[in-house]
Amino acid sequence: MAQIIEITDFHTPELAVYKSLTENQLRTYFEPNGGLFVAESPKVICRALDAGYEPISFLAEQTHMDREILELTARCGDVPVYTASHELFMTLTGFALTRGALCAMRRRPLPSPEELCQNARRIAILENVVNPTNVGAIFRSAAALGMDAVLLTPGCSDPLYRRATRVSMGTVFQIPWTYLTKAWPSEGLTQLHELGFCTAAMALCNDSVSIADPALSQVKKLAIILGTEGDGLSAKTIADCDYTVKIPMSGGVDSLNVAAASAVAFWQLSLH
């Protein structure tokens with residue numbers, strides 16, 4: 001049964017994971033045995049629990065201790081559930097939370113790319129996408145539009161950052177993901193080819209094929225590769241991919257945000 005503890009002082013050390021630790025400090029909280037992440041909002045927390053993530057503590061605004069929150073805390077076993085007033089919450093976080101609920105959870109070991117791709121037919125590759133909002137939005141589209149997995153280069157923002165999980169609506173806990181372990185792009189693209197994938201670089205180039213090209217839908221195993229905000233994919237990534245694919249633009253617009261482009265690409269290229 002959950003231990004409900006009222007907090008009146010935001011300097012209490014138990015709140016450090018919510019108040020003062022950076023995302024990088026959370027990632028190494030239990031080193032060498034992994035780290036933590038903080039899930040925000042009942043929907044995100046629920047999806048993390050559904051996926052089997054282990055809660056460490058729970059923090060809820062007193063005015064939001066309703067049936068939904070109580071059902072969530074009941075799923076957390078005997079972990080401490082800290083409650084605080086709205087005013088203290090604002091002091092602690094600096095902004096109003098979605099439904100006033102946070103949950104600190106243990107990270108889990110990530111699978112290898114080989115494990116993740118074993119039975120996958122459509123995967124998304126993110127190259128150095130650094131904005132957690134974009135990462136979260138891409139995961140939401142990947143989960144909704146037929147991707148089997150998401151793989152990230154080490155330069156990407158962490159999908160378990162609080163903003164990324166919130167923007168994804170918790171879908172980062174629903175779709176398998178991991179980091180690429182080979183040097184990118186040379187060894188990483190070779191690894192994808194060895195795993196049986198054709199690679200499609202999303203880029204507006206003179207020799208790009210349209211995303212509506214029927215040949216793309218016939219590819220048995222396809223890796224859709226999306227690049228960083230602004231600069232897009234590296235020239236080497238584009239040169240070494242099997243296809244360079246564009247979303248035709250009109251109205252004088254030269255490109256889409258990477259998150260918006262991902263939704264178009266996943267819908268068109270998935271096996272729906």
Side-chain angles (χ1 to χ4, degrees), residues 1-8 10 12 14-23 25-27 29-30 34-108 131-145 147 150 157-177 259 263:
M1 183 175 179
Q3 311 168 50
I4 299 179
I5 304 166
E6 183 177 353
I7 296 296
T8 57
F10 71 90
T12 184
E14 291 83 359
L15 298 187
V17 295
Y18 302 106
K19 171 183 174 288
S20 56
L21 296 186
T22 66
E23 297 281 9
Q25 288 172 324
L26 288 171
R27 288 182 72 170
Y29 191 82
F30 292 119
L36 295 176
F37 67 93
V38 175
E40 178 185 330
S41 88
K43 182 179 288 294
V44 173
I45 295 168
C46 181
R47 285 182 168 163
L49 292 172
D50 288 345
Y53 283 87
E54 178 189 352
I56 299 298
S57 65
F58 200 102
L59 176 62
E61 189 177 321
Q62 288 170 346
T63 55
H64 290 307
M65 290 293 286
D66 55 13
R67 179 178 176 180
E68 183 179 28
I69 297 295
L70 291 174
E71 288 177 351
L72 280 178
T73 58
R75 296 179 61 185
C76 293
D78 60 356
V79 304
V81 177
Y82 303 108
T83 66
S85 66
H86 173 75
E87 292 73 23
L88 185 61
F89 244 84
M90 290 295 290
T91 303
L92 179 66
T93 64
F95 58 90
L97 294 172
T98 306
R99 291 295 317 280
L102 297 169
C103 187
M105 296 183 162
R106 280 186 178 269
R107 290 174 177 265
R108 296 196 309 216
N131 187 315
T133 297
N134 283 334
V135 169
I138 292 169
F139 266 80
R140 189 173 181 181
S141 293
L145 300 173
M147 294 299 102
V150 178
S157 180
D158 184 355
L160 295 187
Y161 280 177
R162 188 188 302 180
R163 195 191 322 167
T165 62
R166 184 176 69 244
V167 171
S168 81
M169 296 296 288
T171 54
V172 295
F173 308 117
Q174 294 179 303
I175 186 166
W177 65 273

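A donor-acceptor pair under 3.5 Å is formed between the side chain of E23 and the backbone N or O of R162. Looking only at distances, no side-chain donor or acceptor of R166 sits under 3.5 Å from a matching main-chain atom of A39. Checking side-chain atoms of S141 against main-chain N and O of I138 turns up no donor-acceptor pair under 3.5 Å. A donor-acceptor contact shorter than 3.5 Å is absent between the side chain of Y161 and the backbone of N131.
When L36, L49, V38 are each tested for a side chain to side chain contact (heavy atoms under 4.5 Å, CB included) with M105, only one passes: L49. Under the side chain to side chain contact (heavy atoms under 4.5 Å, CB included) test applied with I45, the options L102, L72, T73 reduce to a single match, L72.
Using a 4.0 Å cut-off between a side-chain N of Lys or Arg and a carboxylate O of Asp or Glu, D158 and R163 do not qualify as a salt bridge.
Within a 6.0 Å radius of OH in Y82, more than 12 heavy atoms belonging to other residues, nucleotides or ligands are found.
By the 6.0 Å and 45° rule, R106 does not stack over the aromatic ring of Y53.
Smallest separation of non-hydrogen atoms from G136 and V167: C-CG1, 4.0 Å. Smallest separation of non-hydrogen atoms from V172 and P159: CG1-O, 3.7 Å. In this structure, T171 and A143 approach most closely via the heavy-atom pair CB-CB, 3.8 Å. The two atoms that bring F139 and S168 nearest to each other are CB-CB, 4.3 Å, heavy atoms only.
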Checking D50 against K43 for the salt bridge (charged side-chain N to carboxylate O under 4.0 Å, His left out) test, could you report, in this order, the C-alpha distance in whole Å, the side-chain angles of both residues, the deciding distance, and whether it holds? CA-CA 10 Å; D50 288 345; K43 182 179 288 294; over 6 Å; no
